[in-house]
Amino acid sequence: MSDNTGLAKARGKARRLAMQALYQWQITAGDIDAIERQFFEENDMTNVDQEYFSELLLGVLNELTPIDTALEKHMPRSINSVDPVERAILRIAAYEFIKRPDVPYRVVLNEAVVLTKKFCSANSHTFINAVLDKVARDIRTHETASA
């Protein structure tokens, strides 16, 4: 396995756990530092990009207003009316679009769709893909121009 494949898998696991931790925060409004600690204690973090997990989790909360604004611009309803799992996935992807230009937008989009297909209802991925594609075109204009 190449280093890139290992990193991709470790980041994929980080995204999944960050989505679950964000979901928990959205449902409980609990202390995010306590939720982060809980995830480190209760999950096997050996093959997880732990720094990326923490960055996604804390970064989404630190950038919540610009993230939600970027998302709602391309949604027919408010972000808070979206299913909590879908909302967590959307927020993580939007964070990556905004703060992680080193991660290609197609990777971010694909990872979000994979999570949606695994954890959400049957056709949710269509909604997620449509919203995130528009957000990517707003934020990553140079990168998406050739797409």
Side-chain angles (χ1 to χ4, degrees), residues 1-27 30 32-33 35-40 43-121 123-147:
M1 173 178 356
S2 76
D3 281 351
N4 282 348
T5 305
L7 178 63
K9 286 186 176 187
R11 283 201 171 165
K13 290 176 182 174
R15 285 182 186 94
R16 180 179 53 79
L17 289 173
M19 179 266 300
Q20 292 169 324
L22 273 175
Y23 171 82
Q24 182 175 327
W25 172 78
Q26 291 169 160
I27 298 300
I32 198 63
D33 294 324
I35 292 171
E36 181 186 24
R37 275 193 308 280
Q38 176 192 348
F39 268 74
F40 274 103
N43 293 282
D44 177 8
M45 300 296 267
T46 354
N47 297 320
V48 175
D49 185 333
Q50 297 174 23
E51 285 182 26
Y52 208 67
F53 163 76
S54 293
E55 178 187 341
L56 292 175
L57 181 60
L58 304 175
V60 165
L61 292 184
N62 288 333
E63 299 294 326
L64 200 57
T65 301
I67 285 170
D68 286 355
T69 301
L71 289 166
E72 286 182 332
K73 186 174 171 185
H74 300 288
M75 293 170 40
R77 58 190 194 263
S78 83
I79 187 72
N80 290 325
S81 69
V82 174
D83 171 83
V85 178
E86 293 174 15
R87 188 179 336 140
I89 293 168
L90 286 167
R91 284 173 165 168
I92 288 169
Y95 171 84
E96 288 186 283
F97 287 151
I98 295 167
K99 293 292 184 180
R100 293 304 302 248
D102 57 308
V103 181
Y105 90 95
R106 288 184 188 278
V107 170
V108 174
L109 198 57
N110 183 59
E111 289 284 320
V113 168
V114 167
L115 279 174
T116 305
K117 285 181 177 179
K118 185 169 184 173
F119 292 99
C120 301
S121 62
N123 294 317
S124 295
H125 68 278
T126 324
F127 168 71
I128 297 289
N129 187 61
V131 170
L132 291 178
D133 186 58
K134 291 173 187 160
V135 172
R137 290 178 191 286
D138 265 1
I139 295 169
R140 302 273 188 99
T141 48
H142 180 70
E143 192 181 351
T144 58
S146 58

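Since this is a predicted model, take the numbers as computed values, not measurements. Worth knowing before you read on, the calculation uses all heavy atoms, side chains too, and leaves out hydrogens, waters and symmetry mates.
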Report summary line: Closest non-hydrogen atoms of Ala18 and Ile92, given as atom of the first, atom of the second and distance, are C-CD1, 3.7 Å
Query raised in the report: Nearest 0.5 Å, what's the CZ-CD distance between Phe39 and Gln20?
Result: 5.5 Å
Query - Partner set under side chain to side chain donor-acceptor pair (under 3.5 Å) for Thr69, not counting sequence neighbours - result: none
Report, one line per pair, each donor and acceptor closer than 3.5 Å where one atom sits in a side chain of residues 54-62; sequence neighbours left out.
residue : atom : partner : partner atom : Å
Ser54   : OG   : Glu36   : OE2          : 2.5
Ser54   : OG   : Gln50   : O            : 3.4
Glu55   : OE1  : Arg100  : NH1          : 2.5
Glu55   : OE2  : Tyr95   : OH           : 2.9
Glu55   : OE2  : Arg100  : NH1          : 3.3
Asn62   : ND2  : Leu58   : O            : 3.3

Query - Minimum heavy-atom distance between Leu22 and Ala88, given as atom pair plus value - result: CB-CB, 3.9 Å
Report task. State plainly whether the residues Asp133 and Arg137 are in salt-bridge range, i.e. N to O under 4.0 Å. Result -> yes
Report task. Step through the shown structure and confirm whether more than 12 heavy atoms of other residues, nucleotides or ligands are within 6.0 Å of OH on Tyr23. Result -> no
Query raised in the report: Can you find a pair of side-chain heavy atoms, one from Lys13 and one from Asn47, that are under 4.5 Å apart?
Result: yes
Report task. Return the set of residues passing side-chain contact (heavy atoms from CB on, under 4.5 Å) with Lys117 (not counting sequence neighbours), or none when no residue passes. Result -> Val113, His125
Query raised in the report: Taking side chain as C-beta onward, heavy atoms only, is Leu17 less than 4.5 Å from Asn43?
Result: yes
Report summary line: The reported gap from CZ in Arg37 to CD1 in Ile35 (rounded to nearest 0.5 angstrom) is 10.0 Å
Query raised in the report: side chain to side chain donor-acceptor pair (under 3.5 Å) with Arg87: which residues, sequence neighbours excluded?
Result: none
Query raised in the report: How many angstroms lie between atom CE of Met75 and atom CG of Leu90, to the nearest 0.5 angstrom?
Result: 6.5 Å
Query raised in the report: Taking only residues two or more places apart in sequence or in another chain, which ones pass side-chain contact (heavy atoms from CB on, under 4.5 Å) with Ser81?
Result: Arg77, Ser78
Requested in this report: Please report the C-alpha distance between Leu71 and Phe97 in whole Å, then the side-chain angles of each, then the deciding distance to 0.1 Å, and finally whether the side chain to side chain contact (heavy atoms under 4.5 Å, CB included) criterion is met.
Outcome: CA-CA 11 Å; Leu71 289 166; Phe97 287 151; over 6 Å; no
Query raised in the report: Which residues pass the salt bridge (Lys or Arg N to Asp or Glu O under 4.0 Å) test with Lys99, sequence neighbours left out?
Result: Glu63
**Report entry** With sequence neighbours excluded, residues passing side chain to side chain donor-acceptor pair (under 3.5 Å) with Gln26
**Finding:** Arg91
Query raised in the report: Between CZ of Phe53 and CE of Met45, what distance do you get to the nearest 0.5 Å?
Result: 5.0 Å
Query raised in the report: Does Ala112 have any side-chain contact (heavy atoms from CB on, under 4.5 Å) partners at least two apart in sequence or in another chain, and if so, which?
Result: Ile89, Ala93, Ile128, Leu132
Report summary line: Applying salt bridge (Lys or Arg N to Asp or Glu O under 4.0 Å) to Asp83 and not counting sequence neighbours gives none
Query raised in the report: Which distance, rounded to the nearest 0.5 Å, do you find between the CG of Asp68 and the NZ of Lys73?
Result: 14.5 Å
**Report entry** Minimum heavy-atom distance Cys120-Val85, with the two atoms named
**Finding:** SG-CG1, 3.6 Å
Query raised in the report: If you take all heavy atoms of Phe127 and Pro76, which pair is closest and at what distance?
Result: CE1-CD, 4.3 Å
**Report entry** Pairwise distance CD(Gln38) to CD1(Ile32) - rounded to 0.5 angstrom
**Finding:** 10.5 Å
Report summary line: Correct closest heavy-atom pair for Ala136 and Tyr105 would be CB-CD1, 3.6 Å
Requested in this report: Applying side-chain contact (heavy atoms from CB on, under 4.5 Å), name anything that partners Val107, two or more places apart in sequence or on another chain.
Outcome: Arg15, Val103, Pro104, Glu111
Query raised in the report: Between Val135 and Ala70, which heavy-atom pair has the shortest distance, and what is it?
Result: CG2-O, 3.6 Å
**Report entry** Partner set under side chain to side chain donor-acceptor pair (under 3.5 Å) for Tyr52, not counting sequence neighbours
**Finding:** Glu96
Query raised in the report: Which salt bridge (Lys or Arg N to Asp or Glu O under 4.0 Å) pairs, counting each pair once, include a residue from residues 45-54, with sequence neighbours left out?
Result: Arg11-Asp49
